[in-house]
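This report concerns only the one structure given below.
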Amino acid sequence: MTVALETVGLGKSFGALQVTRDVHLSLAAGDRHALIGPNGAGKTTLVNLMSGALAPDQGQVLLAGRDITTLSQARRVKQGLARTYQINQLFADLSVLENVVISLSERAGAGWNPWRRSSANSAVIDEAVVILAQLDLQDHALSLVRELPYGRQRLVEIAMTLAQRPSVMLLDEPAAGVPSAESHIILDVIAALPDHIAVLIIEHDMDIVFRFATTITVLVAGAILAQGSPADIANDEQVQAVYLGDGGDV
Amino acid sequence: MTEHYQTARHFLRERERWRWPEALPWLAIVAAFFIVPDYLALGTQIVIAIIFALSLDLILGYAGIITLGHAAYFGAGAYATGMLSAHLGWGEPISAMLFGGIIGGLAGFISGWVLLRYHGLTLLMLTLTTAILMQETANAAEEWTGGFDGLVGISIWPLLGTFDYDLWGKTYYCFAVVVLLVCFLVARTIVHSAFGRSLVGIKGNVERMHGVGTPVHGRLVTIYTISAAMAGVAGGLFAESNAYVTLDVLSFSRSGVVLIMLVLGGTGRLYGAFVGTAVYMTLEDELAKLSPEFWEFGIGLLLVVVVLFFRRGLLGALEDLRVRRS
Ligand SMILES: Nc1ncnc2c1ncn2[C@@H]1O[C@H](COP(=O)(O)OP(=O)(O)OP(=O)(O)O)[C@@H](O)[C@H]1O
Ligand SMILES: [Mg+2]
């Protein structure tokens, strides 16, 4: 299996607070990898380091074997590394359709063209319609994002990332804040992601983690505590002691 | 699926459709030529100010770049055009004005490259100091700019070799209106392009734009350069129509007033520049006649009312009114 994304000895501190400690993590192509850990363990920071939103103090990030540590976030996206945000980062005052169109235009390289009307790019609009249908958002296409129920907004968050046709997707608590009655919609979407995409998902709900993941990494206080198959993790005494001890949900 | 596609396309096109109210400002501009021929000198200055405000709308209203130093590029254009004539003896109005645009754009590109690494209050202060620095430089370079006394000796040739500068300012009014039309069409095309929509994205959520692979700094520098070039064109026109340039073209008050005019009309809608500028400058003219001491008070009062009660400017207020009625 080829390695899609790899971190080597990644470290990051905010002042005296060491938030990422010597993290070695690797994602094979098509992997379904869950990153778990208590609040404040440094999961989002790790995603920020991988996606390029933050620069590490130590270590490297490799995408398909190439060192991308010094590349901007935008350049990493162009090379196939895309992420979603724990807190929605959407254009709340624009329609769902246009949110996706902006993302697609960027991927299609149209973002530099000041002369062509954005609505005249039929390839982009075509693809936007397909993506919205794929996420069952077609009936909300014309609504403003801020008028959408939160669960649907989380789907738009995923749509924005899917539009980049990534080879690696980093999902930061995609179902966070969604009422449990609706969260299955999001999980179905994630389960249906194309096989060739390597997915790293941060999630607190252990049922979801164990159903979805083929590999689990447990992060505690910025460092990797344990890593392995769901069965390994479930039986790991250290993990049970510090983390799963109280029966599952964190 | 095709049905969804049609709906989507129609929806996206709706925003950029030409609407009949858009004819109104242009009709007013043409009508002014016939109805108030005595006021065309003022009219020319209003049209120039509209171009300037329009250039500001591109960066402020669409890309969300706040600035208190936009006069830097207006002034760069004005001095460039003026000095081309005063020192090099080139007074062909169209090319001299375009030269002003090029120099304005160049100034915008160079300063923007640095400035646009900052945001918010820092950016506001840095744009302000950039314009002050330029004004001080112009003041010091007396030999070239005339310093405090202003740049004299500007002599502009007849437009297209035929239409000379006339006492009533008809020539320059028409010239300025044509330039405005071109600038407007360029601006309107830009804001509806994928490039223009990416600026709206940057204004709306810059984090997300990084996340979809947008080279944000490059986009901002590009629109800043275009805007500065347009401001430079306005400055060039200003120099030509007055045949005189003073340090005032680079002043803080010019940067402030253009911001006020745009906010008064409404940002991010192109026509806000038209309405805000026309209202502001007509009021200024009328109030100054009524009461030379207190006209600024009247303008200030209007601004306070607009900012307090009509956040989105006069055009925004009109829009709200229409929505409420329907
Ligand atoms: N920009 C920052 N500056 C300073 N401290 C930060 C910054 N970002 C995160 N932190 C701190 O780093 C630690 C890890 O934060 P992070 O958001 O990565 O945790 P997390 O594992 O994603 O937590 P959660 O499960 O609550 O999302 C926290 O203590 C947080 O307060
Ligand atoms: Mg987090």
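Protein chains get the first letters and strands the later ones, always in sequence-line order, with residue 1 at the start of each.
The contact between E16(B) and chain A is made entirely by side chain atoms (from C-beta outward), counting heavy-atom distances below 4.5 Å. Contact annotation for S103(A): both backbone and side-chain heavy atoms come within less than 4.5 Å of a heavy atom of chain B. For chain B, the nearby parts of S122(A) are the backbone and the side chain; heavy atoms of each come within less than 4.5 Å. Looking at L90(A), the atoms closer than 4.5 Å to chain B (heavy atoms on both sides) sit in the backbone and in the side chain alike. For chain B, the nearby parts of R117(A) are the backbone and the side chain; heavy atoms of each come within less than 4.5 Å. Residue N113(A) touches chain B through its backbone alone, counting heavy-atom pairs closer than 4.5 Å. For a residue to count as touching a neighbouring chain, one of its non-hydrogen atoms must lie under 4.5 Å from one of that chain's; by this rule Q164(A) touches chain B with the side chain only. Residue contact with chain B, scored on non-hydrogen atoms closer than 4.5 Å, is absent for V124(A). Contact annotation for A110(A): both backbone and side-chain heavy atoms come within less than 4.5 Å of a heavy atom of chain B. Of the atoms belonging to I125(A), heavy atoms from both backbone and side chain fall under 4.5 Å from chain B.
Residue-environment remark: CZ (R311(B)) stays at or below the threshold of 12 foreign heavy atoms within 6.0 Å. Within a 6.0 Å sphere centred on CD1 of I87(A), other residues, nucleotides and ligands contribute 12 heavy atoms or fewer. By the 6.0 Å contact criterion, CZ on R17(B) is enclosed, its count of non-hydrogen atoms from other residues, nucleotides or ligands being greater than 12. No more than 12 heavy atoms of other residues, nucleotides or ligands shown are found within 6.0 angstrom of OH on Y118(B). Around atom CZ of R19(B), more than 12 heavy atoms belonging to other residues, nucleotides or ligands sit under 6.0 Å away.
With a 4.5 Å cut-off on side-chain heavy atoms, S119(A) and H10(B) do not count as touching. Proximity of W112(A) to R219(B): side-chain heavy atoms (C-beta onward) are separated by under 4.5 Å at one or more points. Two residues are said to be in side-chain contact when any heavy atoms from C-beta on lie closer than 4.5 Å; F91(A) and M209(B) meet this criterion.
Nearest heavy-atom pair, L94(A) versus V200(B), reported as atom, atom and distance to 0.1 Å: CD1-CG1, 4.3 Å. Scanning all heavy atoms of the two residues, the minimum distance from S118(A) to R15(B) falls at OG-NH2, 4.5 Å. Taking every heavy atom of both residues into account, A74(A) and P215(B) meet most closely at CB-N, 4.2 Å. Heavy atoms only, all atoms of each residue included: F11(B) and S95(A) are closest at CE2-OG, 3.4 Å. When all heavy atoms are compared, the tightest approach of G111(A) to S198(B) is O-OG, 4.1 Å.
Ranked by non-hydrogen atom pairs under 4.5 Å with chain A, the options N205(B), T222(B), I226(B) are led by N205(B). Options G204(B), G196(B), A8(B) differ in how many heavy-atom pairs under 4.5 Å they form with chain A, and the most are formed by A8(B). Most heavy-atom pairs under 4.5 Å with chain B, from the set R107(A), Q138(A), R83(A), K78(A): that is Q138(A). The greatest number of non-hydrogen atom pairs below 4.5 Å with chain A, out of H192(B), K203(B), R197(B), is found for R197(B).
Once rounded to the nearest 0.5 Å, the distance linking OH of Y5(B) with CD of E127(A) reads 12.5 Å.
Using a 4.0 Å cut-off between charged side-chain N and carboxylate O, E157(A) and R208(B) make a salt bridge.
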